[in-house]
Amino acid sequence: MTDRGLQDLVIRALADAPFRGSAEWRQRALADDERVERFARFLARHFYFERIVHFFKYSAALARVTGRRPDAILGQPAFAALLPSLVLGTRDSARAVAGLVVAYVKSGAPLPPIPYHEDLLRYEEAMMVVEAGPRVWRETGNGERGAGAGAAPQTVEGTALLDLTYDLPAVLPKLLRPWTAAPEAPARPVRLIVARSRHGRVAVAKATDAIVSIMDLADGSKTLDDLAREAGLRPAELQATLQGLTELGAVRFSTGS
Amino acid sequence: MSALKIGAFYNPHLGRELAEAKGIDHLAMADPPRADDPWWPKIKERYTLLLHDYLGQLSEPLDERSIQRARSLAELYRTPWVAEHFQCLHTEDGTYNLNYVFPPLYTEEFLARFVANANVLKARLDQPLVMENIPGFFDVRHSQMAEPVWLRRFFEATEVGFLLDLPHVWLEAHYRGVRPTDWLGEFPLERVVEVHVAGVTEDPDLQGPWIAPAEPTEEMLAFATHAVTRCPGARAVTFDAFSPSLTAEVLLRSVERIRVALA
């Protein structure tokens with residue numbers, strides 16, 4: 001094994017708690033187990049602190065009425081209990097940690113009640129879960145095909161559609177500005193799409209009916225003609241929607257052979 | 001020593017205080033400015049800015065996108081030098097990522113990788129490159145040489161500058177059970193361009209001290225005073241704290257205490 005391969009093993013041991021406990025890792029005896037475990041736990045807390053601060057910033061802004069700072073979960077037994085199963089960067093682990101945050105913040109019962117609180121927590125949780133997963137750190141020249149003739153777009157795994165009762169995008173910026181009474185959100189249903197680029201950037205957009213159709217139909221086997229016919233879209237409308245979805249990270253055109 | 005510039009990191013949540021602060025010569029930029037940051041124009045106009053972002057890990061060559069990003073940020077900040085770290089924090093295939101600085105194995109193979117990739121990056125930048133040391137909490141038995149030896153050979157082969165992170169040296173000395181000044185003496189201090197000073201606090205997971213967004217202790221300030229007298233090429237000292245939990249009071253007082261200690 002190369003030194004680079006060994007470094008990858010050490011990185012994996014620090015990121016992947018079940019691997020750290022495996023015979024495959026322990027038999028190598030590359031480092032002091034106790035020190036590795038302590039550093040891994042430190043890294044896990046740091047990893048999720050950064051994500052909770054970023055993705056739950058609106059809940060943090062509401063903490064003075066909920067009495068619950070989202071990142072406080074990291075100091076509680078529920079998070080400590082997760083540590084032996086966490087694999088940093090995976091969707092399952094992001095879901096588990098975000099779930100703890102949501103349960104903790106919900107237990108705050110704000111006074112007066114915030115009608116869109118449930119929507120807000122679902123939105124923040126979705127953002128954190130969508131962000132998880134392997135990412136491209138450097139381009140290796142194996143680019144993706146564009147939407148040319150014969151291309152078969154595919155919805156990217158992990159992309160989420162979110163149906164909300166309140167128009168959250170209208171209230172989110174207000175939450176981060178100074179306020180005395182919690183800002184109100186219009187009671188107006190919205191559907192959002194949350195997606196992540198290959199490089200790990202999470203983006204949100206309002207989902208139109210055309211977007212929802214394409215998300216359902218784009219399975220990597222249908223051509224653009226198939227998609228246009230089945231979704232009932234004009235070619236220009238399909239192209240424009242696909243371009244937007246590709247920029248968002250919700251749709252990819254897989255590399256041809 | 002009187003020519004040393006004393007600065008801090010730009011923490012966007014402290015934008016108002018930093019825009020109005022006195023006694024700070026420069027700000028290091030760990031992230032690009034947010035489009036909605038109301039204080040950025042004033043910060044950019046007022047301060048010397050140091051590029052200290054994550055550009056990429058030099059265990060692999062930086063791709064063109066990363067190099068262009070580095071060039072673009074360097075131009076935006078008009079930075080006098082570009083900083084990167086001796087780090088290898090994600091697996092080659094991108095599956096695992098620590099999201100925190102982590103050193104490479106100190107081996108011949110990694111030395112060759114870092115030298116080759118740093119030389120390529122250096123040639124593509126319009127500003128000098130400086131590289132920052134990263135602490136190890138544990139030794140990996142496969143390493144072939146001590147960190148200071150590896151760093152010395154790297155700097156000899158690349159002739160880039162050294163960003164000496166003093167708390168990193170202090171922590172390694174602590175966990176090795178040696179005197180910080182002795183451990184520091186092993187490093188190639190003649191290459192130092194910039195020095196980082198920071199606070200350390202007890203971390204419950206590590207069961208020992210680690211870097212934290214806190215004021216430097218008197219011991220750390222004395223260590224900094226000792227260090228800069230041995231770094232003839234040092235041009236700047238930066239209070240190294242970048243965290244949403246950092247307060248303006250801690251930042252401003254730390255910079256002031258560093259300035260007094262080094263006066």
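This structure is a prediction, so every number in the text was calculated from the model and none was measured.
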**Asked** Which heavy-atom pair separates A/Ala31 from B/Phe138 by the least distance, and what is that distance?
**Response** CB-CD1, 3.7 Å

**Asked** Is a side-chain N or O of B/Glu92 found less than 3.5 angstrom from the main chain of A/Gly5, in a donor-acceptor match?
**Response** no

**Asked** Looking at side-chain heavy atoms only, is the closest gap between B/Tyr96 and A/Asp8 below 4.5 Å?
**Response** no

**Asked** So, the side chain of A/Gln7 versus the backbone of B/Pro103: is there a donor-acceptor pair under 3.5 Å, distance only?
**Response** yes

**Request:** To the nearest 0.5 Å, tell me how far B/Tyr54 OH sits from A/Trp137 CH2.
**Result:** 4.5 Å

**Request:** Mark yes when over 12 heavy atoms from residues, nucleotides or ligands other than B/Glu20 sit less than 6.0 Å from its CD; otherwise mark no.
**Result:** yes

**Request:** Would you give the length of the straight line joining atom CG of A/Asp3 to atom NE2 of B/His142, rounded to the nearest 0.5 angstrom?
**Result:** 3.5 Å

**Request:** Determine whether more than 12 heavy atoms belonging to other residues, nucleotides or ligands lie under 6.0 Å from atom CZ of A/Arg64.
**Result:** yes

**Prompt:** Is the CD atom of A/Glu184 crowded by more than 12 outside heavy atoms at less than 6.0 Å?
**Reply:** no

**Prompt:** Which value, rounded to the nearest 0.5 Å, describes the distance between B/Asp139 atom CG and A/Leu30 atom CG?
**Reply:** 12.0 Å

**Asked** Angle class for the B/Phe137/A/Phe39 ring planes (parallel below 30°, perpendicular above 60°, tilted otherwise)?
**Response** parallel

**Message:** Shorter than 4.5 Å, heavy atoms on both sides: which option in B/Pro61, B/Gly56, B/Ser243, B/Ser143 has the most such pairs with chain A?
**Reply:** B/Pro61

**Prompt:** Side chain, backbone, both or neither: which part of A/Ala29 has an atom under 4.5 Å from a heavy atom of chain B?
**Reply:** both

**Message:** For A/Glu50, which atoms come within 4.5 Å of any heavy atom of chain B: side chain, backbone, both, or neither?
**Reply:** side chain

**Fill in**
Applying a strict 4.5 Å limit to non-hydrogen atoms, the region of A/Val136 in contact with chain B is neither

**Message:** Taking side chain as everything from C-beta outward and backbone as N, CA, C, O, which of these in A/Thr2 sits under 4.5 Å from a heavy atom of chain B? Side chain, backbone, both or neither.
**Reply:** both

**Prompt:** Please walk me through it: do B/His90 and A/Ile11 pass side chain to side chain contact (heavy atoms under 4.5 Å, CB included)?
**Reply:** CA-CA 7 Å; B/His90 65 77; A/Ile11 292 170; 5.7 Å; no

**Request:** Step by step, work out the side chain to side chain contact (heavy atoms under 4.5 Å, CB included) result for B/Leu98 and A/Phe47.
**Result:** CA-CA 7 Å; B/Leu98 302 179; A/Phe47 189 96; over 6 Å; no

**Prompt:** Could A/Arg4 and B/Phe110 be counted as a cation-pi pair, given that NZ or CZ must be under 6.0 Å from the ring centre and within 45° of the axis?
**Reply:** no

**Request:** State whether the number of non-hydrogen atoms from other residues, nucleotides or ligands found under 6.0 Å of B/Gln68 atom CD is greater than 12.
**Result:** yes

**Prompt:** If you round to the nearest 0.5 Å, how far is CZ of A/Arg135 from CG of B/Asn97?
**Reply:** 6.5 Å

**Max heavy-atom pair count under 4.5 Å with chain A, selected residue of B/Arg113, B/Gln57, B/Glu108** = B/Arg113

**Message:** If the test is ring-ring contact (aromatic ring centres under 6.0 Å, His included), which one of B/Trp210, B/Tyr100, B/Phe102 qualifies with A/His46?
**Reply:** B/Tyr100

**Prompt:** Would you call B/Leu206 and A/Arg41 a side-chain contact if the rule is heavy atoms closer than 4.5 Å?
**Reply:** no

**Asked** Heavy-atom distance under 4.5 Å between the side chains of B/Asn99 and A/Leu88, does that happen here?
**Response** no

**Asked** In this structure, are over 12 heavy atoms from other groups packed under 6.0 Å from B/Arg16 atom CZ?
**Response** no

**Message:** Taking CD in A/Glu34 as the centre, count heavy atoms belonging to other residues, nucleotides or ligands within less than 6.0 Å. Is the count above 12?
**Reply:** yes

